[in-house]
2 protein chains.
Amino acid sequence: MARSGKGLLHGTLDTLILRTVSEAPRHGYAIARWLEERTDEAIRVEEGSLYPALYRLEKQGLLRSEWGRSELDRRAKFYHLTENGRQRLAAETRAWSEFSEAVSRVLRPG
Amino acid sequence: MARSGKGLLHGTLDTLILRTVSEAPRHGYAIARWLEERTDEAIRVEEGSLYPALYRLEKQGLLRSEWGRSELDRRAKFYHLTENGRQRLAAETRAWSEFSEAVSRVLRPG
DNA sequence: ACGTCTTGCCTAGACTTCCTAGGCAAAGGC
DNA sequence: GCCTTTGCCTAGGAAGTCTAGGCAAGACGT
């Protein structure tokens, strides 16, 4: 219950971020909040994981960012998907469902 | 398309191993084969990940091992679950399904 | 007899990712 | 004046996985 068990987030965080930004450009803080809210706190994104991840994704050309103003009119960096990002998201989503299917199959009793 | 995407295995490998051994005691090599076969190669366990993981799990008291003879009558180390291991497997299985549910919910279109 | 493939175990080192634990700044409420 | 919230960032450590090796014994073909 709540808070992703240990290292489970590993490898999926990037994909979750891409997905979060795929709906609409969002800034880092909002990404974390959205993921937590969307998953009823099952997934909690630490800032020490989030910001490095955003940097990574931008460096890989999957995201692009520009400074703007948040809903509360504060300085915030907004990220949006690039075309590469969109393709990567699609690929990773497929990979996830395959992987997740496989793990579930193994874990399933019987 | 086969082979667990990058870092996805992270965190789940231990659980998969516990599960594999929960049916019957198995040796390392057989564990890897069984997981691959069971998942149609979707999950491939490298030996460099497997053996350290087995060591870890035994050190944590979740597995216990003894030397024996494989089906082909070769020297092999068989692992079986301890009581702690069984409890951990149950807990991790729950954690996985929560996590997996959460991720799927995020990734799901719409 | 020889080489090669499969089974089977193990390790060192690099690599990646995540998290802990800080710091900084501005806005709002009390 | 102080504390909480929003918002971004970084350094350092911890942990897990993979690459790339090594070792040994049996099977199998030629």
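Chain naming here is simple, since letters A, B, ... match the order of the sequence lines and numbering starts at 1 in each. Reckoned from all heavy atoms, side chains included, excluding hydrogens, waters and symmetry mates.
In summary, E98(B) and R94(B) do not engage in a salt bridge, as defined by a charged side-chain N under 4.0 Å from a carboxylate O. A salt bridge is absent between R19(B) and D14(B): the closest approach of a Lys/Arg side-chain nitrogen to an acidic carboxylate oxygen does not fall below 4.0 angstrom.
Taking every heavy atom of residues 61-69 of chain A and every atom of DNA chain C, no pair lies under 4.0 Å.
Looking at H80(A) and L63(A), their side chains never come closer than 4.5 Å, going by heavy atoms from C-beta outward. Taking the side chain as every heavy atom from C-beta outward, R75(A) and R69(A) approach each other to under 4.5 Å.
Atom pair D73(B):CG and dG8(C):P shows a separation of 10 Å (rounding to whole Å applied). Between K77(A) atom NZ and dA25(C) atom P the separation is 17 Å, expressed in whole Å. Rounded to an integer number of Å, the gap from CG of L54(A) to P of dC18(C) is 11 Å. If you take CZ of R26(B) and P of dG8(C), they are 13 Å apart, rounded to a whole angstrom. Here the P atom of nucleotide dT17(D) and the CG atom of L8(B) are 12 Å apart, to the nearest Å. For the pair L57(A) CG and dC9(D) P, the interatomic distance rounds to 13 Å; values are reported in whole Å. Distance CZ (R33(B)) to P (dT7(C)): 7 Å, rounded to an integer number of Å. Summarising the geometry, the separation between CG on L50(A) and P on dT20(C) is reported as 14 Å, rounded to the nearest angstrom.
Side-chain nitrogen and oxygen atoms of S70(B) include none within less than 4.0 Å of the OP1 or OP2 phosphate oxygen of dT7(C). The phosphate of dC8(D) has OP1 or OP2 within less than 4.0 Å of a side-chain N or O from Y51(A).
Ring geometry, F99(A) versus W96(A): the interplanar angle falls from 30° to 60°, so the pair is classed tilted.
For the atom pair CG of L9(B) and CG of L35(B), the computed distance is 9.0 Å after rounding to the nearest 0.5 Å. Between atom CD1 of residue I31(B) and atom CZ of residue F78(B) there is a gap of 10.0 Å, rounded to the nearest 0.5 Å.
Within 4.0 Å (heavy atoms only), G28(B) reaches sugar-phosphate atoms of the nucleic acid but no base atom.
Within a 6.0 Å radius of CZ in R64(B), no more than 12 heavy atoms belonging to other residues, nucleotides or ligands are found.
For Y79(B), taking side-chain heavy atoms from C-beta onward, the closest of the listed nucleotides dT17(D), dC10(C), dT6(D) is dC10(C).
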Just the table, please: protein N/O against nucleotides 14-16 of chain D N/O, every pair under 3.5 Å.
none

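Along DNA chain C, the nucleotide nearest E47(A) and the nucleotide nearest E71(B) are compared for position; the residue whose nucleotide lies closer to the 5' end is E71(B).
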Audit row: R74(B), E71(B), salt bridge (Lys or Arg N to Asp or Glu O under 4.0 Å) steps and yes/no: CA-CA 7 Å; R74(B) 281 156 188 231; E71(B) 312 73 40; over 6 Å; no
